[in-house]
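Following: one structure in structure tokens, then a few remarks.
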Amino acid sequence: MRMMEQVGFYSPRSRLQAPALSKPQISVLNAVLAAGLYDSVARVLVIPSVDVLERAVCNTETPQGRAQVHPSSVNRNLQTHGWLLYQEKVKYTKIYLRDTTLIPPFPLLLFGGDIDIQHRERLITLDGWIHFQAPVRIGVIFKHLRKLMDSLLEKKLENPRMNLEGERTIQMILDLIRSE
């Protein structure tokens with residue numbers, strides 16, 4: 001909790017109540033989760049039910065195959081196109097994803113796998129299976145931002161005492177994340 005307090009996500013005065021996060025804080029938290037859990041990303045599949053009375057379940061696709069969001073999850077009935085991060089994949093009668101959260105595209109583009117840009121198709125692909133239909137310049141911008149981040153990280157590793165407070169690249173990335 002001390003670390004959460006230091007970065008402004010928690011206050012000791014709010015111990016009796018759940019800390020309220022602002023939309024920009026939630027966006028930054030989503031980006032942190034995407035950076036740490038990128039290998040645990042799933043694409044939400046919207047599959048309409050033939051029976052209107054049947055309860056819809058959230059089906060997903062991972063690099064290893066299809067799975068469903070666990071029935072105890074708040075996202076179990078999610079029916080929207082998008083991406084989920086999950087903490088755990090378990091197998092019972094079916095394969096389920098537990099501890100899921102819906103994630104926007106920017107954190108995946110910033111902290112995900114290798115970016116491939118297919119100019120004619122106007123398609124940005126991460127690791128060969130995560131696809132975003134977007135103008136080519138968007139993919140080029142994200143590739144450039146990643147190079148800037150990598151360069152900054154290398155400098156910080158070479159000089160651990162380097163002060164990154166107010167660093168333009170970090171501020172630009174935070175502004176981008178918060179704007180989504």
Side-chain angles (χ1 to χ4, degrees), residues 3-11 14 18-47 56 58-63 67 69 73-89 97-119 121-153 156 164-180:
M3 288 174 60
M4 294 289 282
E5 186 177 340
Q6 288 172 347
V7 295
F9 282 114
Y10 173 78
S11 166
S14 64
L21 298 177
S22 67
K23 181 156 176 23
Q25 287 174 316
I26 290 170
S27 296
V28 171
L29 189 56
N30 277 337
V32 170
L33 288 171
L37 291 173
Y38 174 73
D39 287 339
S40 298
V41 67
R43 181 170 61 103
V44 177
L45 303 172
V46 179
I47 303 170
C58 182
N59 291 290
T60 66
E61 183 177 31
T62 70
V69 172
S73 172
V74 295
N75 291 323
R76 68 186 169 273
N77 299 325
L78 186 68
Q79 292 295 301
T80 184
H81 292 283
W83 302 94
L84 284 175
L85 291 175
Y86 60 92
Q87 177 67 34
E88 182 180 30
K89 188 188 292 186
L97 306 181
R98 297 178 56 111
D99 304 324
T100 62
T101 188
L102 197 60
I103 196 78
F106 284 2
L108 292 176
L109 288 164
L110 282 169
F111 304 111
D114 293 330
I115 294 178
D116 180 42
I117 303 168
Q118 298 169 19
H119 294 270
E121 294 83 6
R122 297 174 46 143
L123 193 67
I124 303 167
T125 304
L126 300 176
D127 287 340
W129 77 279
I130 298 175
H131 304 288
F132 298 103
Q133 196 77 45
V136 170
R137 71 178 181 277
I138 301 296
V140 172
I141 289 169
F142 276 99
K143 271 187 140 178
H144 185 66
L145 280 172
R146 283 198 185 181
K147 284 181 184 174
L148 289 173
M149 277 193 306
D150 289 346
S151 171
L152 192 58
L153 284 171
K156 180 67 174 172
L164 296 177
E165 194 172 324
E167 171 63 44
R168 271 188 68 208
T169 302
I170 292 173
Q171 288 307 311
M172 189 171 35
I173 290 168
L174 282 172
D175 290 344
L176 178 65
I177 290 167
R178 290 175 184 142
S179 74
E180 190 174 31

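Quick caveat: nothing in here was measured; it's all calculated off a predicted structure.
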[atom1]/[X] to [atom2]/[Y] distance, rounded to the nearest 0.5 angstrom?
X	Y	atom1	atom2	value
L85	D39	CG	CG	10.5 Å
Y86	T100	OH	OG1	11.5 Å
L123	Q118	CG	CD	4.5 Å
K23	N30	NZ	CG	8.5 Å
N75	L97	CG	CG	10.5 Å
L33	S40	CG	OG	11.0 Å

Derivation and outcome, side chain to side chain contact (heavy atoms under 4.5 Å, CB included), residues F106 and I173
CA-CA 10 Å; F106 284 2; I173 290 168; over 6 Å; no
Side chain to side chain, [X] and [Y], heavy atoms closer than 4.5 Å:
X	Y	answer
L148	M172	yes
I103	L84	no
L29	L21	yes
L37	F111	no
I115	I117	yes

Smallest separation among heavy atoms of [X] and [Y], with atom names:
X	Y	answer
T62	A42	CG2-CB, 3.7 Å
W83	L102	O-CD1, 3.3 Å
E180	S27	O-OG, 3.9 Å
A34	P107	CB-CB, 3.5 Å

Table please: side-chain donor-acceptor pairs of residues 130-145 below 3.5 Å, with sequence neighbours left out.
residue, atom, partner, partner atom, Å
H131, ND1, T125, OG1, 3.1
Q133, NE2, E121, O, 2.6
Q133, NE2, R122, O, 3.0

Strictly distance-based, threshold 3.5 Å: is any side-chain N or O of [X] a donor or acceptor partner for the main-chain N or O of [Y]?
X	Y	result
S151	K147	no
R76	S73	yes
Q25	S22	yes
D127	D114	yes
T60	V44	no

Qualifying residues under salt bridge (Lys or Arg N to Asp or Glu O under 4.0 Å), relative to R146, sequence neighbours excluded:
none
Candidate pair T80 and L78, rule side chain to side chain contact (heavy atoms under 4.5 Å, CB included), full reasoning
CA-CA 6 Å; T80 184; L78 186 68; 3.6 Å; yes
